[in-house]
There are 2 protein chains.
Amino acid sequence: MTARAKSAPQTTENHCSKHHALASHPAAKLPPLTVMESQRMGEFFALLADPTRLRLVSLLAADEFCVCDLASSLSMTESAISHQLRALRAARLVSYRKEGRQVFYRLHDHHVLELYQTVREHLEE
Amino acid sequence: MTARAKSAPQTTENHCSKHHALASHPAAKLPPLTVMESQRMGEFFALLADPTRLRLVSLLAADEFCVCDLASSLSMTESAISHQLRALRAARLVSYRKEGRQVFYRLHDHHVLELYQTVREHLEE
DNA sequence: CGAAAGCATGAACGTATATTCAGATATTCG
DNA sequence: CGAATATCTGAATATACGTTCATGCTTTCG
């Protein structure tokens, strides 16, 4: 049983490399992402990687809504919506306004709207 | 033990709603996302939600690279890189070119590059 | 041909995450 | 004040996902 073929666990050694002069792309300006930068950027994209959150954004792209309206629009529980809005809030993608016992959410700034619209158009082909 | 308080399992009923005339945002053009659209869009963002894939994109934004170079640049196994490249390939975010026993990857089109650069600039503040 | 390099792939394991459930907080109204 | 409404929150469960491990495939070279 203990026969474990140890196939040189694919360590990271630069065997090949240096094959062609760095032609560099037309738009090659920024240096590669560091680990930390990539993690931060990944967290940003992860926020928009959820269908529920995206539908919330698409609703808020048109108007301001309270939690219960958002919940009924998406046919989901208010609890689930509230959890997702919290994530969007923490990342400053949405902001909110309290009016009585209701809380109205809206997109925080135009950056989010623009990014959403850009990607949406890109996926419509 | 079986005392389960049935706290009206938060069904989806439109109790409130209709509070204000639909003022509609300045840039309110597109209808809300359907479930299927949001899933598809979510899959797109999910691809860019991983630090490793983002670092790959950031490298490929500057030039074309083979798998082993990408692996050594990120200090990761070629297997892990290959798996991630497959995901990027399946979504047509990267394309590749075989040369001998090496495979050179590059960004598939300028859309990806532009989106990456836009978001990166947006996160640098 | 046979060995090694470069890359791809399937299974498995560990972790992250979205929803549900139960309950808490805050506000309005009788 | 007490009940109802609107929202938030923590814990738990189920599922998705990334890496590792082992192996297969293709090409190059002796």
Side-chain angles (χ1 to χ4, degrees), chain A residues 2-17 19 35 38-39 42-43 45-56 65-72 74-91 94 96-105, chain B residues 3-17 19 38-39 42-43 45-56 65-72 74-91 94 96-105:
Chain A
T2 49
R4 301 190 59 190
K6 47 106 185 72
S7 67
Q10 291 202 46
T11 54
T12 305
E13 301 166 6
N14 39 349
H15 14 274
C16 63
S17 66
H19 302 287
V35 176
S38 68
Q39 287 173 344
E43 288 170 11
F45 279 114
L47 273 171
L48 298 175
D50 180 73
T52 299
R53 285 193 292 266
L54 280 175
R55 294 176 76 202
L56 287 174
F65 289 104
C66 64
V67 178
C68 63
D69 281 348
L70 292 171
S72 72
L74 303 190
S75 298
M76 295 179 62
T77 66
E78 296 170 6
S79 176
I81 299 300
S82 183
H83 275 294
Q84 301 296 25
L85 287 172
R86 173 149 82 150
L88 294 174
R89 233 189 309 141
V94 302
Y96 61 98
R97 169 178 71 85
K98 290 190 180 180
E99 185 173 318
R101 44 189 161 181
Q102 308 193 66
V103 181
F104 289 91
Y105 283 85
Chain B
R4 299 190 61 190
K6 46 105 186 74
S7 65
Q10 292 201 43
T11 54
T12 304
E13 302 166 6
N14 37 349
H15 15 274
C16 63
S17 65
H19 302 287
S38 69
Q39 286 173 345
E43 289 170 12
F45 278 115
L47 274 171
L48 298 175
D50 179 72
T52 299
R53 286 194 291 267
L54 281 175
R55 294 176 75 202
L56 287 174
F65 288 104
C66 64
V67 178
C68 64
D69 281 347
L70 292 170
S72 73
L74 302 189
S75 298
M76 295 179 62
T77 67
E78 296 171 5
S79 176
I81 298 301
S82 183
H83 275 293
Q84 302 296 27
L85 286 173
R86 172 149 84 149
L88 294 174
R89 233 189 308 142
V94 302
Y96 61 97
R97 167 178 73 84
K98 289 190 180 181
E99 185 173 318
R101 46 188 160 181
Q102 309 194 68
V103 181
F104 289 91
Y105 283 85

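Chain letters run A, B, ... following the sequence lines, proteins first, then strands; residues in each count from 1.
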Rounded to whole angstroms, how far apart are [atom1] on [X] and [atom2] on [N]?
X      : N      : atom1 : atom2 : answer
A/E78  : C/dC21 : CD    : P     : 15 Å
B/L74  : D/dG18 : CG    : P     : 15 Å
A/E99  : C/dA26 : CD    : C1'   : 16 Å
A/L70  : D/dT7  : CG    : P     : 9 Å
A/F104 : C/dT27 : CZ    : C1'   : 14 Å
B/Q102 : D/dT28 : CD    : P     : 10 Å
B/L56  : D/dG18 : CG    : C1'   : 13 Å
B/R101 : C/dA4  : CZ    : C1'   : 7 Å

Tell me which one of B/R97, B/R101, B/Q102 satisfies side-chain hydrogen bond (donor to acceptor under 3.5 Å, both in side chains) with B/E99.
B/R97

Please list each protein N or O that sits under 3.5 Å from an N or O in nucleotides 10-12 of chain C, with the distance.
unit_1: C/dG10; atom_1: O6; unit_2: B/H83; atom_2: NE2; d: 2.9

Locate the shortest heavy-atom distance separating [X] from [Y]; write the atom from each residue and the value.
X     : Y     : answer
B/A91 : B/L47 : CB-CD1, 2.9 Å
B/T52 : B/L74 : O-CD1, 4.2 Å
B/S72 : B/D69 : OG-O, 3.1 Å
B/F45 : A/L48 : CD1-O, 3.1 Å
A/A46 : A/R53 : O-NH2, 3.1 Å

For B/Y105, answer base if it contacts any base atom (sugar-phosphate contacts may also be present), sugar-phosphate if it contacts only those atoms, and nothing otherwise; contact means non-hydrogen atoms under 4.0 Å.
sugar-phosphate

Measure from the side-chain heavy atoms of A/T52 and tell me the nearest of D/dT9, C/dA8, C/dT19.
C/dT19

To the nearest 0.5 Å, tell me how far [X] [atom1] sits from [Y] [atom2].
X     : Y     : atom1 : atom2 : answer
A/L56 : A/L85 : CG    : CG    : 5.5 Å
A/E78 : A/C66 : CD    : SG    : 8.5 Å
B/D50 : A/Q39 : CG    : CD    : 10.0 Å

Between B/Q84 and A/V67, who's closer to the 5' end of DNA chain D by nearest nucleotide?
A/V67

Per-nucleotide pairing state of DNA chain D [Watson-Crick or G-U, under 3.5 Å; [ ] pseudoknot-crossing; | other strand]:
||||||||||||||||||||||||||||||

Would you say B/T77 reaches D/dT20's phosphate, i.e. side-chain N/O to OP1/OP2 under 4.0 Å?
yes

Return whichever of A/D50 or B/S82 has its heavy-atom-nearest nucleotide of DNA chain C closer to the 5' end.
B/S82

